[in-house]
Amino acid sequence: MPYTVEFLKTAVEELEGLPTNAQRQIVKKIDGLKNDPKPAGVIQLKSPEKFLRLRVGDYRVIYLVEGKQLVILVVKIGDRKDVYDDLKVLANRAKVRRLARKK
């Protein structure tokens, strides 16, 4: 059964701010996560949440896999130089979204 992909609002804004060709490549890679949420090359980051990192050229996609709900939550998209900043803030946003979803 395929996973559903959801985005934090901030991740959508980050994606929209990228060049069109990069957007296409990133969306294609994210779509591939629906059938295989942890493809080869994906690593788990050392962070408060079990964030995973997907490489797409010079860009990185930080996401979570919520296995029980079959949901992939994209929390950040950005250049490889600064995408890892503020992982604690991202963990809090993911928790808030998860709590809101349960209500």
Side-chain angles (χ1 to χ4, degrees):
M1 191 161 156
Y3 283 70
T4 302
V5 176
E6 297 179 3
F7 292 79
L8 287 181
K9 182 180 178 185
T10 52
V12 172
E13 292 167 357
E14 291 162 349
L15 180 62
E16 290 172 346
L18 298 177
T20 306
N21 62 340
Q23 288 179 18
R24 277 191 233 117
Q25 291 174 342
I26 291 169
V27 168
K28 184 177 178 180
K29 287 276 195 170
I30 291 172
D31 281 343
L33 295 174
K34 291 178 182 179
N35 294 315
D36 184 8
K38 295 180 184 175
V42 168
I43 63 165
Q44 183 172 333
L45 301 177
K46 294 177 183 173
S47 62
E49 289 281 335
K50 293 184 178 185
F51 290 129
L52 298 170
R53 183 219 64 197
L54 175 67
R55 291 178 60 198
V56 185
D58 287 340
Y59 298 98
R60 303 295 182 262
V61 177
I62 309 298
Y63 68 99
L64 285 169
V65 176
E66 298 175 351
K68 291 181 183 178
Q69 293 83 22
L70 295 177
V71 172
I72 295 169
L73 176 64
V74 178
V75 294
K76 186 163 184 157
I77 300 170
D79 190 274
R80 64 189 171 127
K81 291 180 266 180
D82 52 49
V83 75
Y84 304 107
D85 298 343
D86 302 325
L87 289 179
K88 289 182 182 180
V89 172
L90 294 174
N92 288 335
R93 288 180 188 163
K95 285 179 187 177
V96 167
R97 186 206 152 274
R98 199 170 19 242
L99 291 172
R101 192 172 201 238
K102 289 182 180 181
K103 290 182 182 181

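Under the 4.5 Å side-chain contact rule for hydrophobic residues, L70 and V42 share a cluster. Clustering ILVMFWY residues whenever any of their side-chain heavy atoms sit less than 4.5 angstrom apart, transitively, puts V56 in the very cluster that holds I30.
Legend: side-chain hydrogen bond (donor to acceptor under 3.5 Å, both in side chains) pairs involving residues 72-81, not counting sequence neighbours: none detected. Note on residues 21-40: pairs passing salt bridge (charged side-chain N to carboxylate O under 4.0 Å, His left out), not counting sequence neighbours, are D31-K34. Every pair tested for side-chain hydrogen bond (donor to acceptor under 3.5 Å, both in side chains) that includes a residue from residues 50-59 fails, sequence neighbours excluded, so the list is empty. Residue pairs satisfying the side-chain hydrogen bond (donor to acceptor under 3.5 Å, both in side chains) criterion with at least one member in residues 1-19, sequence neighbours excluded, are listed as follows: E6-R97, E6-R101, T10-R93.
Under the salt bridge (Lys or Arg N to Asp or Glu O under 4.0 Å) criterion, D82 pairs with no residue, sequence neighbours left out. Listed by chain and number, the residues in a side-chain contact (heavy atoms from CB on, under 4.5 Å) with P48 are K88, A91 (sequence neighbours excluded).
At least one donor-acceptor pair closer than 3.5 Å links the side chain of Y63 to the backbone N or O of P37.
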Margin query: Assess the residue pair V27 and L15 against the criterion (side chain to side chain contact (heavy atoms under 4.5 Å, CB included)); give the C-alpha distance rounded to whole Å, side-chain angles, the decisive distance to 0.1 Å, and a yes or no.
Written below: CA-CA 9 Å; V27 168; L15 180 62; 4.0 Å; yes
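Between L33 and I72, the shortest heavy-atom distance links the atoms O-CD1, 3.1 Å.
Between the CG atom of D86 and the OG atom of S47 there is a distance of 12.5 Å, given to the nearest 0.5 Å.
Alongside V89, the hydrophobic cluster contains no other residue (criterion: ILVMFWY side chains under 4.5 Å). Listed by chain and number, the hydrophobic cluster partners of L87 are L8, I43, L45, F51, I62, L64, L73, V75, V83, Y84, L90, where partners are ILVMFWY side chains within reach of under 4.5 Å, directly or through others.
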